[in-house]
Amino acid sequence: MSVYYWTPREMRHSFVSLLSDSGVPLEDIARLVGRSGTAATGTVYRKQIRPVLLQGAAAMDTIFAR
């Protein structure tokens, strides 16, 4: 059995991305992760999860609607 531990980098990126996709303003997220501005929070840490998930869900709907 292997054990996987999240790195601080993975936790920060996931935290920022999930809060952003949940509608939390970028200014609030930046403050929560200890950033003084939103530039790095928005461009480095935030990964847009929702568009990819929605695109995948739409593709699956098309496949299974046949």
Side-chain angles (χ1 to χ4, degrees):
M1 178 174 137
S2 65
V3 177
Y4 179 80
Y5 295 99
W6 282 41
T7 66
R9 177 190 177 280
E10 292 168 324
M11 288 188 286
R12 179 178 290 238
H13 284 252
S14 296
F15 180 77
V16 169
S17 298
L18 291 170
L19 286 179
S20 178
D21 277 348
S22 296
V24 177
L26 194 55
E27 294 80 12
D28 294 344
I29 298 170
R31 221 174 20 254
L32 287 168
V33 296
R35 306 294 303 183
S36 60
T38 60
T41 304
T43 58
V44 176
Y45 298 116
R46 180 174 58 179
K47 310 296 182 227
Q48 291 306 109
I49 298 170
R50 186 174 304 277
V52 173
L53 291 177
L54 294 177
Q55 183 181 13
M60 294 303 285
D61 284 346
T62 301
I63 291 168
F64 288 108
R66 296 179 185 166

Donor-acceptor list for residues 31-41 side chains, cut-off 3.5 Å, not counting sequence neighbours:
unit_1: Arg31; atom_1: NH2; unit_2: Asp28; atom_2: OD1; d: 2.6

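Crowding of Tyr5 atom OH: a count of heavy atoms from other residues, nucleotides or ligands under 6.0 Å not exceeding 12.
A continuous path of hydrophobic side-chain contacts links Val16 to Leu19 [ILVMFWY only; heavy atoms under 4.5 Å].
Residues Tyr45 and Arg12 share a closest heavy-atom pair of CE2-CD, 3.2 Å.
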